[in-house]
Visitor: 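Below: one structure in structure tokens.
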Amino acid sequence: MATASPPAGHTAQPSTVGVRVHRFWRRVTEGLEVSQLWSQFETETRASYQLYSKDVAAKTPEGLTTRGRHVHVIKEFFWAVFEKLSPARRVLLLAALVMLCIPHVGFSYEGQAGKITGVELDLHFWAGLLLLILLMLEIADRVVMKRDLQIAREIQTWLLPGAPPQIPGLTLAYATRPANTVAGDYYDVFPRPGKTPEENRVVFAVADVAGKSIPAAILMATFQASLKTLSTAQVALPELAANMNRYACTNSQGGLRFTTAFLALYDPISRSFDYINAGHNNPILRRASGQIERLDVGGLPFGIQPDVTYASASVTIAPDDWLIIFTDGLVEAVNASQEEYGETRVLGVIEAGKSDEPAAMLNRLMAELDLFVGTTPQHDDVTCMLLKAA
């Protein structure tokens with residue numbers, strides 16, 4: 001029997017069920033392809049494993065046999081996960097695990113007329129229900145935390161400068177990429193008025209607080225506040241750095257939460273940079289001739305010792321000179337082979353685009369970094385500030 005074909009010019013419409021399934025799948029995946037979903041799963045799994053494995057490694061003694069080590073690692077991994085739950089949720093998880101191990105429970109009772117009735121319960125269903133409740137509670141915590149982190153990120157964004165300011169003799173661009181929702185990196189450019197117009201300066205700052213996420217972000221905010229406050233005093237740069245260090249020592253937990261920083265005062269009239277490098281990655285000064293200089297004069301990071309004395313140095317910026325100020329997240333970014341990006345690649349990008357404007361150069365540098373890193377998770381905040389003399 002022949003099958004009727006649709007009329008010419010008429011295409012078959014997808015079924016209602018198919019449309020609903022497609023919409024459901026797009027809502028679940030937010031439009032991501034399978035390869036993107038797998039990459040996201042790998043990234044999240046690797047990050048979670050690293051979180052738990054730190055606890056396991058810290059509690060694994062030396063000298064165990066291969067079998068004993070495996071048993072110990074499994075036990076400690078369980079406790080590493082288990083102890084991150086609240087006591088009430090631990091009880092729920094234990095109850096669910098017991099129900100999974102004892103899938104069926106039966107009992108009997110005597111009913112009317114002496115009839116014996118047997119009842120058998122499938123505990124798998126109740127175990128699944130308890131795990132679902134536990135998952136819902138954990139998701140609720142995650143949503144609240146994510147909302148709070150987003151608010152913290154917005155506040156942190158307010159602390160950073162917006163569009164680059166207009167500075168005589170300089171063009172500049174800057175960007176930061178947090179490894180987490182909030183960052184411990186800080187950069188800023190703002191005027192420092194002097195007693196006379198000839199004494200007006202521009203403050204440049206790039207800093208990196210030890211650690212990541214919320215603790216580092218809080219200290220980053222205190223660093224920004226102290227820098228803005230202490231910069232109003234008409235003191236020399238070494239004294240400003242010493243004051244910053246003494247303040248940082250009051251919030252560094254005995255030096256554990258130190259801050260590396262590069263501070264500079266720019267004189268638009270003489271085109272000179274007075275700077276102090278407090279344990280920071282050495283900024284790179286590329287002269288128009290191609291000569292490379294490192295700005296390495298300074299002292300210890302802020303927050304380690306309260307009585308440190310800082311030395312300063314000065315460089316003059318000539319037309320077509322480039323100054324690259326960055327945090328270690330840029331040069332220490334790694335690819336899938338655990339190879340670092342390194343300063344050599346940064347210098348290669350600058351050399352290739354030396355005639356570009358800083359904004360174009362910054363876009364080129366970040367694109368090259370993305371190409372190098374690929375799908376490897378970002379492990380540290382990345383901040384970069386580019387200056388070009390006109």
Side-chain angles (χ1 to χ4, degrees), residues 24-25 27-30 32 37-38 40-61 64 68-109 118-156 178-184 209-221 251 253 256-257 377-379:
F24 172 78
W25 181 247
R27 184 174 181 180
V28 169
T29 64
E30 297 185 358
L32 296 178
L37 292 171
W38 179 251
Q40 186 180 74
F41 175 76
E42 282 187 322
T43 301
E44 293 174 350
T45 302
R46 190 179 294 112
S48 297
Y49 175 76
Q50 290 174 351
L51 172 67
Y52 297 125
S53 62
K54 289 179 181 178
D55 293 343
V56 175
K59 297 178 181 179
T60 302
L64 294 176
R69 183 177 180 82
H70 290 165
V71 172
H72 181 82
V73 167
I74 292 172
K75 182 184 71 173
E76 291 300 333
F77 197 87
F78 169 79
W79 281 107
V81 176
F82 193 67
E83 290 177 344
K84 287 178 173 56
L85 299 173
S86 68
R89 295 178 192 181
R90 294 174 195 170
V91 173
L92 283 181
L93 179 58
L94 279 179
L97 293 176
V98 170
M99 290 180 182
L100 288 174
C101 295
I102 309 175
H104 299 284
V105 172
F107 61 92
S108 59
Y109 65 93
V119 177
E120 185 173 344
L121 296 177
D122 185 355
L123 295 184
H124 279 162
F125 169 78
W126 298 103
L129 183 61
L130 287 180
L131 291 175
L132 178 60
I133 293 173
L134 184 61
L135 176 63
M136 292 172 63
L137 293 173
E138 289 295 312
I139 289 176
D141 284 351
R142 179 182 175 89
V143 169
V144 172
M145 184 180 300
K146 188 174 182 180
R147 181 188 62 196
D148 291 345
L149 283 173
Q150 191 59 41
I151 294 172
R153 182 173 187 174
E154 292 174 3
I155 294 173
Q156 191 173 62
N180 298 306
T181 306
V182 290
V209 178
K212 294 187 289 292
S213 196
I214 293 294
I218 293 174
L219 287 179
M220 179 276 238
N251 302 289
Q253 297 180 333
L256 295 177
R257 294 289 182 180
Q378 182 179 338
H379 70 277

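Residue indices begin at 1 and follow the sequence shown. Keep in mind the model is a prediction, meaning the values are calculated, not measured.
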Visitor: What distance separates Thr181 OG1 from Ile214 CD1, expressed to the nearest 0.5 Å?
Guide: 8.0 Å

Visitor: So, taking the atom named CH2 in Trp126 and the one named CG in Leu131, what distance separates them when rounded to the nearest 0.5 Å?
Guide: 14.0 Å

Visitor: Taking all non-hydrogen atoms of both residues into account, name the closest pair between Gln156 and Ala183 and its distance.
Guide: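 Reported closest heavy-atom pair: NE2-O, 2.6 Å.
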
Visitor: Please check if the side chain of Arg257 supplies one atom and the backbone of Ala216 the other of a donor-acceptor pair under 3.5 Å.
Guide: no

Visitor: Sequence neighbours left out, cut at 3.5 Å: what donor-acceptor pairs do the side chains of residues 68-78 make with other protein atoms?
Guide:
{"from": "His72", "atom 1": "NE2", "to": "Lys59", "atom 2": "O", "distance (Å)": "2.7"}

Visitor: How long is the span from the CD atom in Gln150 to the CZ atom in Arg153, to the nearest 0.5 Å?
Guide: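 Between Gln150 CD and Arg153 CZ, I get 6.0 Å after rounding to 0.5 Å.
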
Visitor: For Lys84, is the NZ atom crowded, meaning more than 12 foreign heavy atoms sit under 6.0 Å from it?
Guide: yes

Visitor: In a table with atom names and distances, give each donor-acceptor pair under 3.5 Å that connects a side chain of residues 87-100 to protein atoms at least two apart or in another chain.
Guide:
{"from": "Arg89", "atom 1": "NH1", "to": "Glu138", "atom 2": "OE2", "distance (Å)": "2.8"}
{"from": "Arg89", "atom 1": "NH1", "to": "Asp141", "atom 2": "OD2", "distance (Å)": "2.6"}
{"from": "Arg89", "atom 1": "NH2", "to": "Asp141", "atom 2": "OD2", "distance (Å)": "3.2"}
{"from": "Arg90", "atom 1": "NE", "to": "Phe82", "atom 2": "O", "distance (Å)": "3.4"}
{"from": "Arg90", "atom 1": "NE", "to": "Leu85", "atom 2": "O", "distance (Å)": "2.9"}
{"from": "Arg90", "atom 1": "NH2", "to": "Glu83", "atom 2": "O", "distance (Å)": "3.1"}
{"from": "Arg90", "atom 1": "NH2", "to": "Leu85", "atom 2": "O", "distance (Å)": "3.2"}

Visitor: Around atom CD of Glu154, are there more than 12 heavy atoms from other residues, nucleotides or ligands closer than 6.0 Å?
Guide: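 Atom CD in Glu154 is crowded, with more than 12 foreign heavy atoms closer than 6.0 Å.
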
Visitor: What's the separation between atom CD1 in Ile139 and atom CG in Leu134, rounded to the nearest 0.5 Å?
Guide: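 That separation rounds to 10.0 Å.
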
